[in-house]
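These notes are about the structure you will find just below.
Both backbone and side-chain heavy atoms feed into the values below; hydrogens, waters and symmetry mates do not. In what follows, chains carry the letters A, B, and so on, assigned in the order in which the sequence lines appear, proteins first and then strands, with residues in each chain numbered from 1.
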There are 2 protein chains.
Amino acid sequence: MPQPSAPRKTRGRPPRISREEVVATARRIVDEDGVDRLTMRRLATEIGSTPMALYHHVRNKEELLLLLLDDHAARTLRRPEPPAHPRERIIVAASAIHEALAACPWIVEVLTADDLMSASALWFVEQIVDGLVECGLTPERAVHGYRAIWYYTAGEIVVRATAARRRADAGPDADRATYRERIFADLDPDELPRLAQVADNWAPLTAEDTYLDGLRAVVDGLLVSR
Amino acid sequence: MPQPSAPRKTRGRPPRISREEVVATARRIVDEDGVDRLTMRRLATEIGSTPMALYHHVRNKEELLLLLLDDHAARTLRRPEPPAHPRERIIVAASAIHEALAACPWIVEVLTADDLMSASALWFVEQIVDGLVECGLTPERAVHGYRAIWYYTAGEIVVRATAARRRADAGPDADRATYRERIFADLDPDELPRLAQVADNWAPLTAEDTYLDGLRAVVDGLLVSR
DNA sequence: ACCTGAACACCGTTCAAGT
DNA sequence: ACCTGAACACCGTTCAAGT
């Protein structure tokens with residue numbers, strides 16, 4: 001969430017770079033070359049300044065990454081027309097968050113910020129908590145339900161992003177892909193019969209995108225009276 | 001999973017350090033000082049050798065971290081007596097994985113290895129997939145169900161571990177804690193009424209450990225015929 | 001086969017000083 | 001107030017050589 005910059009004092013040396021410029025340039029670097037390539041030194045160079053100048057606008061690299069996440073959320077989260085049925089409102093809001101995050105897998109490094117990714121996401125959290133309450137949960141259980149949905153969503157993003165990263169830097173002659181294959185090929189069907197049974201389909205099955213199915217299951221489970 | 005070391009050739013210089021020693025020393029460093037402090041250089045020093053000697057026993061740091069995860073899984077995963085009811089078998093197996101991972105939060109950096117954390121975990125995956133099949137799911141849906149449970153579990157670990165890390169290195173005068181507080185204090189009750197309603201309880205509610213409740217909800221949802 | 005020394009190509013951050 | 005230069009205290013990994 002871009003804070004309104006403090007009212008500019010007229011004293012002192014005029015700034016040459018702004019926090020907005022720092023964030024915007026960082027975003028460009030990350031989009032072009034990935035989050036690994038974002039270093040304070042490179043950022044300074046691209047902005048035409050020195051590493052130390054950056055520390056005047058952000059506290060440290062961690063804060064820069066959080067600002068980047070905020071920036072991304074504010075830029076890509078679009079509020080859908082909420083469906084009439086509360087259960088569907090929950091699904092739609094969670095899917096919107098998921099979609100925004102899935103679009104930038106580098107976010108994984110930052111994402112894992114407790115329960116709230118950004119002020120821009122509050123409206124979506126509201127939809128989820130409200131939907132759960134409308135479906136009959138107490139506010140307390142609704143907050144816990146929101147967290148279960150968030151764990152599921154964050155887990156999906158993190159697991160998928162890491163798997164993709166591994167595949168990418170394992171190269172074409174993927175030695176990592178064969179690790180799982182080797183394990184599955186060596187399964188003892190007596191000890192692990194179900195896994196042996198599905199072994200051949202494991203790769204295609206896990207390649208399917210089942211986020212939405214799983215989300216519906218999580219929501220259904222939360223709404224089942226127990 | 002410690003591979004049986006290849007049969008030792010009798011030619012060439014005898015090894016001074018072993019892969020096992022490398023992993024064991026790395027584990028000690030991580031336990032004592034955290035995963036951030038595990039560097040190839042320090043590991044070499046503590047083992048009484050040089051950084052380059054390590055590269056003779058592990059391909060690179062990433063592989064070392066995977067070995068560490070395997071080691072941890074093999075060491076801490078204990079197979080519970082599976083309950084008679086398949087639904088409870090699923091819960092018990094997932095909880096065991098969760099417990100093993102929650103005990104070493106540094107694992108987050110590595111954890112996010114696709115769908116399979118370690119060969120030692122296969123038995124637990126078997127319990128979950130089998131339980132889902134016993135409850136009436138097709139093998140295909142059971143694999144997808146396992147993944148939903150894994151996403152939820154991995155998400156819980158990652159989110160909680162990162163939150164804890166943030167709290168730890170924010171220090172006592174936590175500036176980060178007040179970020180959420182500030183956002184919740186500034187909530188517009190007209191726009192976000194539910195969040196405004198639960199704002200005061202958000203911190204205690206999210207501090208509760210609701211992994212098991214959420215897991216039960218996920219499993220219930222997967223078993224609801226849809 | 002296993003290990004070493006030296007080097008390459010970097011990091012994030014701090015300090016003291018300049019404008 | 002804002003920016004710079006130089007330095008601190010590190011990284012992971014590669015290369016060429018030694019035993």
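In the displayed structure, A:R28 atom CZ is contacted under 6.0 Å by more than 12 heavy atoms of other residues, nucleotides or ligands. For B:E140, the CD atom counts as densely surrounded, since its 6.0 Å shell holds more than 12 non-hydrogen atoms of other residues, nucleotides or ligands.
Once rounded to the nearest 0.5 Å, the distance linking CG of B:L64 with CZ of B:R59 reads 13.0 Å. Here the straight-line distance linking atom CD of A:E32 with atom CD of A:E46 works out to 7.0 Å at 0.5 Å rounding. Here the CH2-CG distance, from A:W123 to A:L77, works out to 10.0 Å after rounding to the nearest 0.5 Å.
Across the protein-nucleic acid pair, A:H56 atom NE2 and C:dG18 atom P stand 16 Å apart, rounded to whole Å. One can place CD of B:E21 at 14 Å from C1' of C:dC3, the figure rounded to the nearest angstrom. We find that CD1 of A:I17 is positioned 17 Å from P of D:dA1, with the value rounded to whole Å. Distance A:L43 CG to D:dC3 C1': 15 Å, rounded to the nearest Å. The interatomic distance linking A:D36 (CG) with C:dC10 (C1') rounds to 14 Å, in whole Å.
Of the residues B:V218, B:I128, B:I149, B:V219, the one that meets the side-chain contact (heavy atoms from CB on, under 4.5 Å) test with B:I91 is B:V219.
A:V143 has its side chain out of reach of B:N201: every pair of non-hydrogen atoms, C-beta onward, lies at least 4.5 Å apart. Using a 4.5 Å heavy-atom cutoff, the side chains of B:D213 and A:H144 are not in contact.
On the C1' atoms, C:dC3 is 13 Å away from D:dA16, given to the nearest whole Å. Remark: the separation of the C1' atoms in D:dC10 and C:dA9 is 13 Å, to the nearest Å.
Of the residues in residues 22-29 of chain A, not one comes within less than 4.0 Å of DNA chain C through any heavy atom.
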Please list, for nucleotides 12-16 of chain D, all pairs of protein and nucleotide N/O atoms separated by less than 3.5 Å.
from, atom 1, to, atom 2, distance (Å)
D:dG12, OP1, B:M40, N, 3.4
D:dG12, OP1, B:K61, NZ, 3.0
D:dG12, OP2, B:M40, N, 3.0
D:dG12, N7, B:R41, NE, 3.1
D:dG12, N7, B:R41, NH2, 2.7
D:dG12, O6, B:R41, NH2, 2.1
D:dT13, OP2, B:Y55, OH, 2.5
D:dT13, OP2, B:K61, N, 3.2
D:dT13, O5', B:Y55, OH, 3.3

Would you write out the dot-bracket form of DNA chain D, 5' to 3', with Watson-Crick and G-U pairs under 3.5 Å, [ ] for crossing pairs, | for pairs to other strands and . for unpaired bases? ||.|||||...|||||.||

Run the side-chain contact (heavy atoms from CB on, under 4.5 Å) check on A:H98 and A:L215 step by step: do they pass? CA-CA 10 Å; A:H98 179 258; A:L215 175 62; over 6 Å; no

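For A:A53, whose side chain is taken as the heavy atoms from C-beta onward, the closest listed nucleotide among C:dC2, D:dC3, C:dT4 is D:dC3.
Taking 4.0 Å as the cut-off between side-chain N and carboxylate O, A:R79 and B:E191 count as a salt-bridged pair.
B:T50 has no side-chain polar atom (N or O) that falls below the 4.0 Å cut-off from OP1 or OP2 of C:dG5. Note on A:H57: every side-chain N or O is 4.0 Å or more away from OP1 and OP2 of D:dC2.
Side-chain contact annotation: A:Y211 with A:T153, donor-acceptor N/O pair under 3.5 Å present.
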